[in-house]
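Note that these values count all heavy atoms, side chains included, but never hydrogens, waters or copies made by symmetry. Everything numeric here is computed off the predicted structure, so don't read it as measured data. Ligands are counted one by one from 1 in listed order, and the atoms in each one are counted from 1 as well.
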Amino acid sequence: MSNTTRSQSISPFILLIEDDKTIIATVKNNLAASGVLRNHLSACQSIKEAIAFLKAHPEFAIILLDISLSDGMGLTGFKKLKTTFSDKIIIAIADDAHKHLGLDFIRAGAQDFMLKEGFDNSPIYPTIQFAVERIQLLQDEVVEKVSRIKQTNQRLYQDIFNKSKDAIYICNLEGRLVDFNQATFELFAFSEEELLEIEVHNLFHTKERKREFLYTLVANQSVTEFPIEIEQKNGKIRRCLISASMIRTPEFTGYSGLLKDITEQQKANDLRKARDVARESAKMKEQFIANISHEMRTPMNAIWGMSNLVMQTNLSKEQHNYISSIKQSSEILLGVVNDILAISEIQNSQLKFDYKFFDLYELLHNLMNVIQFKAEEKALNLSLQMKEGIPKIVHGDKLRLNQILYNLVLNGIKFTERGSVSILVENQNESNDFVQLKFTISDTGIGIPSDKIDAIFETFTLIREQGMEQEGKGLGLPIAKNLVEQQGGKIGVKSELGKGSEFYFDLLFEIGEEVFPEPIQAKAAATLDKGAIRVLLVEDHKMNQLVAIKTLEKHWSDIEITVANDGQEGVAILAEKDFDIILMDIQMPNMNGYEATAYIRHKMSPKKAEIPILAMTAHAHVAKNEKFREYGMDDCILKPRLCKRGKKNPRIFELCN
Ligand code: ADP
């Protein structure tokens with residue numbers, strides 16, 4: 001069918017917007033004469049009226065618009081029509097006086113322009129016919145575009161159906177499948193043919209659940225994300241969510257269903273939950289360990305301190321040996337507690353490093369002092385050798401370096417029965433402000449079997465050779481390794497069985513020039529030559545009071561100790577009496593050590609506020625992170641070390657000399 005033939009079969013609805021009645025009549029006659037119009041011409045007198053009319057009569061597709069209407073809207077009116085009814089065809093008509101405006105209307109989108117004067121003699125028909133053809137073309141285009149969208153949508157749905165990872169199917173209420181996608185037989189793990197033979201509802205686990213699902217579906221006409229388990233052909237269970245909608249036609253009653261397999265997702269969720277629980281319990285374990293260690297430290301202080309005091313009284317050799325065993329055991333226990341605390345810190349990634357300038361020489365010599373007696377006990381020769389170019393002041397974590405060296409040197413002593421243990425410090429590399437130092441700890445001990453050497457830095461590795469008496473925890477080396485590596489260094493070992501071992505590590509330090517003021521010493525110096533030193537001991541635990549008093553008196557004959565049983569009492573006594581130093585416990589009833597210190601520092605007279613205060617604590621971490629300083633205390637003593645074997649406690653000692 002050609003466009004022309006088709007357009008002739010159409011009776012166009014034409015709206016004439018004209019306020020001149022004569023013109024309306026002329027147009028009517030003209031169109032009637034051309035045979036195009038069969039009662040399909042209506043007229044409006046203004047744009048406003050036309051808009052209302054067209055809204056009510058959408059079948060009017062062609063508009064003849066007088067461009068010089070008395071409503072005065074002109075081109076604006078045209079544009080309004082055009083934008084409101086973009087699918088309509090507008091033909092502008094004008095009298096001779098306005099024909100010069102015609103072109104403006106064509107430019108603005110009018111299909112054509114006609115002069116009213118010609119309406120009397122020439123037919124309007126060709127112009128109208130042209131408009132009709134255009135409308136027809138437009139309509140054809142629209143129809144085609146609809147059907148095209150329909151086809152695309154169908155393809156899209158088919159594609160979604162085929163490629164969906166979720167099982168999509170249609171079945172009757174017994175579970176006989178009418179249609180299903182690939183994912184359906186993958187989910188059920190049956191072949192396509194097998195699935196057509198069975199009732200899929202029988203694979204819904206359990207029977208009660210199946211009944212519940214069907215009941216809800218029929219009652220509500222649809223079901224959304226109903227949890228159900230599917231038993232596959234191989235008996236394995238998949239956890240799914242089913243969404244379904246009822247289908248009822250005269251020929252078929254059933255439903256369309258979508259099964260989403262959430263087995264893996266659930267597993268991931270379960271794992272996440274398990275991980276959260278594990279993290280939570282690790283946190284609790286950490287807390288528990290911290291608490292227990294504190295609980296252990298306090299009585300250990302008493303055991304260690306009391307046995308120390310007893311040992312300095314007149315004892316038979318046998319008694320001395322017994323007490324000495326008690327004391328050594330409490331020392332071992334303290335070491336265990338410290339190591340457990342350290343490893344739990346590492347495992348919970350809570351390691352924090354505290355970098356400051358410190359005196360490396362002092363650190364090494366102090367370490368030698370502390371460890372010397374252990375070497376002497378086994379008649380081993382302990383030596384420290386510092387090669388050239390070792391800076392005195394370096395920037396690093398002093399406590400951690402001490403901890404690494406202490407662990408390695410102590411192992412050396414522990415696993416050596418004859419010969420020596422030595423520490424060697426070398427400058428490996430120096431550039432500008434930095435120095436890389438290598439520390440080597442060598443011993444002439446039992447050595448490590450070569451097949452065990454890779455394992456010794458792992459947690460809880462103990463190598464027990466026949467006849468070897470040494471017991472350990474397998475924590476010292478992992479602690480040292482973590483402390484070195486987390487500061488960017490390397491740690492390693494060379495060893496020969498029966499000949500000895502050589503542990504080494506390197507660390508980078510910034511070189512410093514700083515001079516460290518030691519306020520405690522300075523303050524304490526001022527108290528010299530004043531006769532007896534007056535100490536205020538603030539401690540609630542009777543046993544600890546006794547240990548502290550006896551220890552101080554033992555090493556210092558000219559001492560005057562006043563005891564306060566808690567912070568409140570301490571503050572009250574201090575207000576009445578002058579002291580040279582205060583030893584302050586931290587955990588106490590009524591007013592704890594921090595509160596008492598804050599009170600002394602901020603509320604008391606300047607003279608009292610400046611008295612040096614030493615914190616006494618059983619909490620290792622209080623000493624480690626120097627928390628006590630935040631509260632205005634000058635220094636800290638860990639309780640079990642109130643007095644060192646054969647030596648005066650260094651800090652108390654500083655005060656005394
Ligand atoms: P611990 O010393 O508490 O057992 P470590 O982690 O420090 O734990 O050491 C683990 C194991 O490595 C020790 O039990 C010991 O078998 C071996 N070891 C460590 N240092 C030495 C050494 N200097 N000589 C011989 N064996 C050592």
[X] neighbourhood, listing ligand 1 atoms whose heavy-atom distance to it stays under 4.0 Å:
X      : result
Leu475 : 6 (O), 8 (O)
Ile448 : 25 (C), 26 (N), 27 (C)
Ile456 : 12 (O)
Gly476 : 5 (P), 6 (O), 7 (O), 8 (O)
Lys414 : 1 (P), 2 (O), 3 (O)
Pro478 : 6 (O)
Ser501 : 22 (C), 24 (N), 25 (C)

Are Phe509 and His395 close enough that their ring centers fall under 6.0 Å?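 For Phe509 and His395, the ring centres are not under 6.0 Å apart.
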4.0 Å heavy-atom contact, [X] with ligand 1:
X      : answer
Phe457 : no
Lys452 : no
Gly447 : yes

Which class fits the ring pair Tyr355 and Phe353: parallel under 30°, tilted 30 to 60°, perpendicular over 60°?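 The rings of Tyr355 and Phe353 lie parallel, inter-plane angle below 30°.
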Distance-only, no hydrogens or angles: does the Thr444 side chain make a donor-acceptor pair with backbone N or O of Arg418 under 3.5 Å?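 Yes; judged by distance alone, with no hydrogens or angles, the pair exists.
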Salt bridge flag under 4.0 Å for residues Arg239 and Asp270: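 Here Arg239 pairs with Asp270 in a salt bridge, since their nearest N and O are under 4.0 Å apart.
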Listed by chain and number, what are the ring-ring contact (aromatic ring centres under 6.0 Å, His included) partners of Phe505, not counting sequence neighbours?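 Phe505: ring-ring contact (aromatic ring centres under 6.0 Å, His included) contacts with Phe439.
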Within reach of ligand 1, part of Leu477 (heavy-atom separation under 4.0 Å):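 The part of Leu477 near ligand 1 is both the backbone and the side chain.
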Just do the side-chain contact (heavy atoms from CB on, under 4.5 Å) check on Glu513 and Phe357 with the steps written out, would you? CA-CA 9 Å; Glu513 299 288 344; Phe357 282 104; over 6 Å; no
Side-chain H-bond candidate by donor/acceptor type, Asn590 with Glu569, under 3.5 Å: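 Short answer, no.
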Give the minimum heavy-atom separation between Trp304 and Ser330, together with the two atoms involved.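 Looking at all heavy atoms of both residues, the closest pair is CD1-OG, 3.1 Å.
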